[in-house]
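Heads up: the structure comes next, in structure tokens.
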Amino acid sequence: MLSTIENRNRYLTNFLIRMITANIQKINGEIGNGIKLIAVSKTKTAETILEAYHAGQKLFGENKVQEMVSKQSILPLDIEWHLIGHLQSNKVKYIASFVSMIHSVDSIKLLEEIDKEGKKNKRIINCLLQIYIASEETKFGLNKEEVFNILRNPVLKELKHIKICGLMGMASNTLDLTQIRNEFKNLHQLFTGIKTTFFSGDPNFKELSMGMSSDYTIAVEEGATLIRVGSLIFKDK
Ligand SMILES: *Cc1c(COP(=O)(O)O)cnc(C)c1O
């Protein structure tokens, strides 16, 4: 016989799994084929991530290196881990063996470090350049001039263990939907310009990572290929 507490815990766990599953299915239904959902699992336990995994979710996003490393070490190996938070050069070595994509590249120095660690691990690491599109002072990212300087840097051609797959951006934290849409439009325009100028004929440059819980529908309308959604899946807000 199960105790009342065991019954209650089982009920709550089942409820959580159903909720996470329904949220993932709903978002995937909305965004359609060709756009990938990255479930942002920062602050969530490995157990919760496993529930989303059993609901079919294979792409997860983390913003802290240590947290990603400890989760990766105990969770299924076919999970694709996306680093979406600021990355310090001295921490690249901890994730280089497994990270699926680094969304937050913001300097040539960081690219050189990722390349070095990619080489050690005999793999090519997928990277996105993080662009500053918001009107807030606090967000990380490159402005236009900085991103063009990176792309023109002759060092870039020598980095054989990184692949620049596209751009990432975060819109302002505002209720002004027109502003958010314009920020995404600007990022898409920059993406198109960079693709034409620097990556014509390179099919790998194809990803536009933009949109979170509050604005992913706008991001999808404006051309996102990867969306990063956390709280809407795990309902912690
Ligand atoms: C936390 C985070 C997200 C997800 O935010 P939600 O509002 O929880 O969907 C997306 N991108 C980055 C870079 C984040 O840090």
Side-chain angles (χ1 to χ4, degrees), residues 16 19-31 35-46 48-49 51-52 55 57-69 71-72 79-88 91-92 95 99-107 110 126-142 147 165-177 179-181 183-184 186-188 191 207-237:
L16 193 67
M19 182 197 78
I20 290 172
T21 307
N23 291 340
I24 289 170
Q25 285 170 351
K26 177 175 175 286
I27 296 167
N28 274 323
E30 281 171 12
I31 64 179
I35 299 172
K36 287 187 193 155
L37 167 64
I38 298 169
V40 176
S41 49
K42 62 189 185 200
T43 76
K44 301 296 165 295
T45 63
T48 303
I49 294 174
E51 281 152 16
Q57 182 65 31
K58 297 284 151 68
L59 278 60
F60 291 89
E62 291 283 339
N63 66 341
K64 295 207 173 89
V65 165
Q66 197 45 58
E67 196 176 331
M68 182 188 252
V69 168
K71 288 171 178 173
Q72 191 272 341
I79 287 180
E80 284 187 26
W81 293 99
H82 290 247
L83 190 82
I84 59 171
H86 186 64
L87 176 61
Q88 287 169 290
K91 294 197 174 161
V92 175
I95 58 171
V99 70
S100 178
M101 186 175 275
I102 299 172
H103 290 229
S104 45
V105 174
D106 60 359
S107 71
L110 183 57
N126 296 323
C127 297
L128 302 179
L129 299 172
Q130 183 173 354
I131 310 296
Y132 175 86
I133 55 170
S135 59
E136 291 145 15
E137 285 301 321
T138 54
K139 300 265 162 75
F140 290 103
L142 303 154
V147 72
C165 302
L167 306 180
M168 181 270 228
M170 279 170 94
S172 297
N173 185 11
T174 172
L175 295 174
D176 183 345
L177 300 183
Q179 183 183 342
I180 291 172
R181 188 178 293 280
E183 291 173 358
F184 288 150
N186 287 338
L187 185 57
H188 193 175
F191 170 86
E207 306 291 1
L208 194 46
S209 167
M210 59 185 196
M212 326 199 315
S213 292
S214 56
D215 56 22
Y216 74 90
T217 45
I218 303 175
V220 166
E221 285 165 10
E222 298 305 334
T225 64
L226 298 168
I227 60 168
R228 312 176 309 268
V229 179
S231 45
L232 200 64
I233 293 173
F234 299 107
K235 283 281 159 30
D236 57 354
K237 274 181 193 157

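Order of listing sets the numbers, starting from 1, for every ligand and every atom in it.
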Atom NZ of K36 with >12 non-hydrogen neighbours under 6.0 angstrom: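 Check fails, neighbour count at 12 or below.
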Validation row: D106, H86 side chains within 4.5 angstrom (heavy atoms):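 Side chain of D106 against side chain of H86, heavy atoms only: contact under 4.5 Å found.
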Partner residues of E222 under the side-chain hydrogen bond (donor to acceptor under 3.5 Å, both in side chains) criterion, sequence neighbours left out: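 E222 satisfies side-chain hydrogen bond (donor to acceptor under 3.5 Å, both in side chains) with R181, K185 once adjacent residues are dropped.
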Quick check on contacts: which atoms of ligand 1 are under 4.0 angstrom from a heavy atom of [X]?
X    : answer
S231 : 6 (P), 7 (O), 8 (O), 9 (O)
V229 : 9 (O)
G230 : 4 (C), 6 (P), 8 (O), 9 (O)
M170 : 13 (C)
K42  : 1 (C), 2 (C), 3 (C), 14 (C), 15 (O)

Polar atom proximity, S214 to ligand 1 (N or O, under 3.5 Å):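 The answer is no, given that S214 and ligand 1 share no N or O pair closer than 3.5 Å.
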Donor-acceptor pair, side chain of T225 and main chain of L208, under 3.5 angstrom: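 Looks like yes, one N/O pair under 3.5 Å.
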Side-chain (T45) to main-chain (T48) donor-acceptor, under 3.5 angstrom: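 Flag set: sc T45 to bb T48 pair under 3.5 Å.
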Sub-4.0 Å heavy-atom contact, L232 with ligand 1: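 The answer is no, since L232 has no heavy atom less than 4.0 Å from ligand 1.
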Side chains of S104 and Q130, donor plus acceptor under 3.5 Å: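 No.
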